[in-house]
Every structure is written in C-alpha cells, then in structure tokens.
Amino acid sequence: MLSISIDDCWAEFSRDHKGNLAPKKSTFPSGIRSLADYVHSKGLKLGIYSDAGYFTCSKTMPGSLGHEEQDAKTFAASGIDYLKYDNCNNDDTKPTVRYPVMTQALMKAGRLIFFSLCKCMLSRADMNEVYAEFARPGGWNGEYFSNATKNLVLHIPSFGLGTLLSADVSQRD
C-alpha cells in the first residue's frame, strides 16, 4: 500500500477556537478530511506531520506538546493513516517521557495510525540502543521500518537510522 505524506507547514500558525490544529485554508480549502477521502478513494494512505514540541521545526505551525490526545483524535477524525513525528522546540523533557504520550494518545484515538519518529531520535545511530525497547508494536518506528508491514512510505527523511540501514542509499534523493 502506498502512502502520501504531508510534511511540515500544513497547518495555520495558531490552533482554532477549540484548540485543534487547523489546516491552512489557502492550501487545503476543503480540509484534511476531504483530502484523506480523495486519497483513500485512489487506494492510497495519507500521512501527516506533527512535532513533540510547542512548535514544529519550521516554527510556522503549533506542535503537539500538551495537545497529544486532542491532536491524535483530530488525526483520526481526519482519516490520517500515518503520523511523522518530529522533535523540535520542546521543553527538554527526555524523548522517553514525551513520545509515549503520543503513542498512547494514538492508540486511544479510534483509528490505526502508523507512528513514525523523524530524524530527531534516529540521527544518532550510536546513541539509540537505549530506545530499542520502544521499537515494537505500539512503540516507535522510523521510516523504512514500515516495509515490514508492507506499507511503502513515500516520505524520505533527510537523515535517519532507516537511511543508514537501507541497502541502497545511493538511489535515494
């Protein structure tokens, strides 16, 4: 199954009046749910981006820190199948504390959403042994690990453990 992922900068700078992430009206005038319905009608899965910080890496949209349950429910209601989760602009809490919050929120959201950590934790391969216990069902997985579930993810990180482990990195942009 192929997935199409929407990366950073897809949402408005501020949350809506209910505190939800709001898609940019200029880019997604019919909303993310309409896009997800269209993508699903073509036999594809839809992925989206968020961050474990107060803002995303671009600093142009809110992150999910402190809003994990609300955002997980928003992603589920929007028909999202895949969440790429970055690690910028956070409160310096250890990832082993922050990431399980989103893991649990996604598991309770009412929709199966593939959870993928971005280069935030995967960019230092020699320091990741302590995170090995989290690489399991209900845990965290980086890009390319999704191949084990027969789900080809088109998002390619700029650098990550998955890139290091890939058999043929010379063919990737």
Sequence neighbours excluded, every pair satisfying ring pair (Phe, Tyr, Trp, His ring centres under 6.0 Å) that has a member inside residues 22-44 = none
Considering non-hydrogen atoms only, spot the tightest contact between D86 and C57 and give its length.
-> OD2-SG, 3.4 Å
Is I32 linked to I113 within one hydrophobic cluster, defined over Ile, Leu, Val, Met, Phe, Trp and Tyr using a side-chain heavy-atom separation of less than 4.5 Å?
-> yes
Sorted by chain and residue number, the ring-ring contact (aromatic ring centres under 6.0 Å, His included) partners of F55 (sequence neighbours excluded) come out as F13
Correct closest heavy-atom pair for T93 and D91 would be OG1-OD1, 2.6 Å
How close do K59 and N89 get, heavy atom to heavy atom, and via which atoms?
-> CE-OD1, 3.3 Å
Partner residues of A52 under the side chain to side chain contact (heavy atoms under 4.5 Å, CB included) criterion, sequence neighbours left out | Y85, N87, R98, Y99
Taken in chain and number order and not counting sequence neighbours, the residues that satisfy salt bridge (charged side-chain N to carboxylate O under 4.0 Å, His left out) with D51 are none
In terms of hydrophobic clustering (I, L, V, M, F, W, Y; side-chain heavy atoms under 4.5 Å; direct or indirect links), are Y54 and V101 co-clustered?
-> no
Of L46, I48, D81, the one forming a side chain to side chain contact (heavy atoms under 4.5 Å, CB included) with F75 is I48
Side chain to side chain donor-acceptor pair (under 3.5 Å) with E12: which residues, sequence neighbours excluded?
-> none
What residue among H67, R15, Q70 forms side-chain hydrogen bond (donor to acceptor under 3.5 Å, both in side chains) with N20?
-> Q70
For S58 and T60, indicate whether the former's side chain and the latter's backbone hold a donor-acceptor pair under 3.5 Å.
-> yes
Note: A109 and A76 closest approach over all heavy atoms is O-CB, 3.5 Å
Sequence neighbours left out, what pairs pass salt bridge (Lys or Arg N to Asp or Glu O under 4.0 Å) with at least one residue falling in residues 16-34?
-> R33-D37
All heavy atoms of S78 vs all of A36, minimum pair found to be O-CB, 3.1 Å
Joint hydrophobic cluster, I80 plus I4, side-chain heavy atoms closer than 4.5 Å = yes
Within one Ile-Leu-Val-Met-Phe-Trp-Tyr cluster: L65 and Y49, side-chain cutoff 4.5 Å = no
